[in-house]
Amino acid sequence: MNLLASLTPGLLLALGGMVLLMIGVLSRKEHAAGITVTTILLLLAALVCNFLTPTGLLFGGLLRISLFTQFADALVYLGAIAALMLSIDYNKREGIARFEYPILVLFAVLGMIVMISAADLMTLYVGFELQSLALYIAAAFARDSIRSTEAGLKYFVLGALASGLLIYGISLVYGFTGTTRFAALAGALTQGTDYGAIIGLVFVLVGLAFKVSAAPFHMWTPDVYEGAPTPVTALFGTAPKVAAMALFVSVMLGPFGHLLLQWRLLIEILAVISMVLGALAAIGQRNIKRLMAYSSIGHMGYALMGLAAGTVAGVQATLLYLAIYVVMSFGAFACIIAMRRQGQAVESIADLAGLAGERPGFALAFAIFMWAMAGIPPLSGFFGKFYVFAAAMANGLDVLAIIGVITSVIGAFYYLRVIKVMYFDNGAPQFDVTPGSVRFVMGAGAVVTALFVLLPGPLVVAAAAAARALMG
Amino acid sequence: MNQAGFPLLSLITFLPLAGVFYIATLRGDDAAVLCRVRAAALITSLVVLGLGIYLWSQFKPDLGGFQFVEAAPWLSGLNVEYRMGVDGISLFLILLTLVLTPIAILSSWSVTTRVRGFFSALLLLETMTTGMFAATDFVLFYIFFEAVLLPMYLIIGVWGGERRIYAAVKFFLFTLAGSLFMLLAVVWVWYHAGTTDIPTLLHTHFSASAQMWLFLAFLASFGVKAAVWPLHSWLPDAYGEAPLPGTIMLAAVLSKMGAYGFLRFAVPMLPNAATAAEPLMFTLGVVAVIYISYVALAQTDMKRMIAYSSVAHMGVIIIGIFTFTVEGIEGALFQMLSHGIVIAGLFVCTGVLLARGEGLALSRLGGLAARMPAYAALLMLFTLANVGLPGTSGFIGEILVIVGALKVNFWVSLLGGAGMILGVAYMLVLVRAVLFDKFTHPELAKLPDLRPREYAMLLPLAAMVLWMGIYPDSFTHAFDAPVTALVQAHAASLTPHTALAMVTTK
């Protein structure tokens, strides 16, 4: 009974997904919009159930539900719901409105839930693969577009490499410790560590770094972001990032927590390279989706800083950063999806010229997201950075924090450029009327981002509780 | 609860936002809403000014510490609270902001494009600036300090002159780069002191080496904001390209944020580092006074000349702060207020010419005294106040700083004082080129004298200049207590034994 109650959100998604798949296959007509809406409702139901489920270990230690997984799951649901809402109108206009898309997203979310809750390296891998496979197809979803197909293929090849590295690492760890259970691994690794297990750990780390697109394992990100249909990019920018980062945190601090001193340097290196690359490489971008790709690499660098701290405060900072990032990110993508002129989606930053005069609300929302991503107070992004820097400095990672500050200034330059184009340049954007669902996502994101400063308490407290649940 | 019985400071800080929301609800094109937007902005800022005057009337100068204190839980887990309060140091800077915002709003009648955005940005700027002076939590202070960038960036970039984009981006990145180092300092302080409550931090001791690093971080952020030479290079661009109301707010209020930061944090929190940095700061101040005065002398544009004069005066303020004497710091504070009023008056005077379709190149002006006597009289008054003529506000501030500096170092006092003479030189050049000489072109002879709206901006400023010059006590008596306490605490933290002796002899 307890088992069933704990699994409700996952079961809801799995069964719902299969039923929707049957309906889609058996019915004669195309039901894309209806199925998308149903999927959103399912995800909402799962989001609600998520907070009601009892916590504990399931299936003899294969899965673990805790406040930490509930927090991360909620973010995943939120990101997926926003991405699906953005897809309804876009897919219809681009002629790719097929019922498979929401179902793919549903299964990807299921995979993410499993990997977040994994308490065993095998469940971790199963969840990881489920979400990856669903996402490969989603990236190539506009199958008549060469760019989309290319994006899907690139993602698949590089993702398969990452999966390979991950499973190789898992097998090494298993070979040298004799177990795949997180709890048992933690016990085995406290007693003594073989080099084999450490090498396995490095492989696992690389596989996960691939998924969070931390530099130098980020190569797929810009191309996939640019090539995939924009709602799919919006999904990539939110839910899988949260899931992979949550997994990263729970694996590194769970079974491998005792090896903190061994892997901390690697995480620091990843964080530094990501922040620097995210800041520098984005400067030259002319395409807004590529810009967002590099920006996301940079943001993952900041989130990793909290992990490098390796304390409850650090995990709290990372979770908070992710929560804030998800909202900024889907909001920014809502703005990008609204960039549509005479029926054609446009993606160049220059297309935004003069937007502030034509559509002040749209421009203000976009400016809020850009400023928040640059970390300018009083917008939400600042608080993410503040907590991360605080956690880093509290653990003696001063250099990391200083580098983070410097890359923030560099990063601010390209975020500012977007605002500059919208507000200072002249042009005639004359974007098409933005559909209600996109406007809703944009508006909700902007309000949350701008007004987070008024009520940061509940989220901070929740993140702290989640972090304590993970670290015990 | 505080002596007002209700959260007066928060009300003053956030009331302008009500104006912003009202303006945002107005529908219609620019021409249709123009009058209502202007009226809404002006009325909001005047109401806020009224509250500010009430604040002053309820302020008790003889009480030490912060008054009108408010506190509410905010960032849980970090021991960061929403805390507001004023003391004698911040009270007048808040009032300065509140006085100058309506004047900036009145001076923006020439803005006719995207009016909703413009007036919203000005009101937003008022909120951020007031909040910054009233914050008594370091994190809160930082948030307001940096949030000022957002409206200012838009004001320069959207409504500015020809090179507005360059100026706006340079302004933003310079200030951001500086203030992010302060963010690191904030985080460090939070971690080591366990709190970000400013009154507590003022009595927290940090090790000498840590103080040095913190001081450098503060210097980076406050120095850029206060445009201390050589961190001032964003300033001529920003001042020159910003629309007039933006220039007024930048020069009169925003530049004070940096000086306030030094006074509030660097000096009392980091006594050892501040003392060690004294020669450096004196040098920077003296260089600013002398070198920038020469640069001002070389300008050919009225607005830029006034902008450089502003940098030179910031040098005087920095010298005053780092004398660590009661006279020097009071002089610096007084000079901050006086400079805010005077520089706003001078910029409004340039706006008068702009509104009549004249350029600001000095070679294209001249002879205005003959046809515009009222304008000439007021411009003359602000000029004399700017060079520190006795009887005007500028005199009190400068003489106090020079006396303070004389107690510490003769040469600093001499060289800082030399700046006054150079100031006279360039300001007289300015006045001659604008008011006297001959008409350079016939249109100048037809310019009408001041209009009622221009009187409404200039007369209050002129009255304040004279008030501050003739009866400075109405202002100084409020900052006597906090400045004396600050100087004593500074001396005590450097030489604990003397402090003990002072206590026992009392």
Portion of B:Tyr153 that has a non-hydrogen atom of chain A nearer than 4.5 angstrom
both

Engaged part of B:Ala168 at the chain A interface, taking heavy atoms whose separation is under 4.5 Å
side chain

Does A:Phe386 reach the side chain of B:Ile143, with side-chain heavy atoms less than 4.5 Å apart?
no

Atom pair OH/CG of B:Tyr82 and A:Leu454 - distance to nearest 0.5 Å:
10.0 Å

Go through A:Leu416, A:Ile406, A:Val460 and name the one with the most non-hydrogen pairs under 4.5 angstrom from chain B.
A:Leu416

Around atom CZ of A:Phe440, are there more than 12 heavy atoms from other residues, nucleotides or ligands closer than 6.0 Å?
no

Measuring heavy-atom distances to chain A, does B:Arg164 have an atom under 4.5 Å in its side chain, in its backbone, in both, or in neither?
side chain

Pairwise distance CZ(B:Phe172) to CH2(A:Trp371) - rounded to 0.5 angstrom
6.5 Å

Please state whether the side chain, the backbone, both or neither of A:Ala401 comes within less than 4.5 Å of a heavy atom of chain B.
both

Report which part of A:Phe424 has an atom under 4.5 Å of a heavy atom belonging to chain B: side chain, backbone, both, or neither.
both

In terms of the angle between their ring planes, are B:Tyr142 and A:Phe382 parallel, tilted or perpendicular, with boundaries placed at 30° and 60°?
parallel

Scored by heavy-atom pairs under 4.5 Å with chain B, the best of A:Pro378, A:Ala390, A:Ala394 is A:Ala394

I'd like to know whether CZ of B:Phe14 has more than 12 heavy-atom contacts from other residues, nucleotides or ligands below 6.0 angstrom.
yes

Side chain, backbone, both or neither: which part of A:Ile410 has an atom under 4.5 Å from a heavy atom of chain B?
neither

As an exercise: rank A:Leu455, A:Val453, A:Leu364 by heavy-atom pairs under 4.5 Å with chain B and give me the winner.
A:Val453

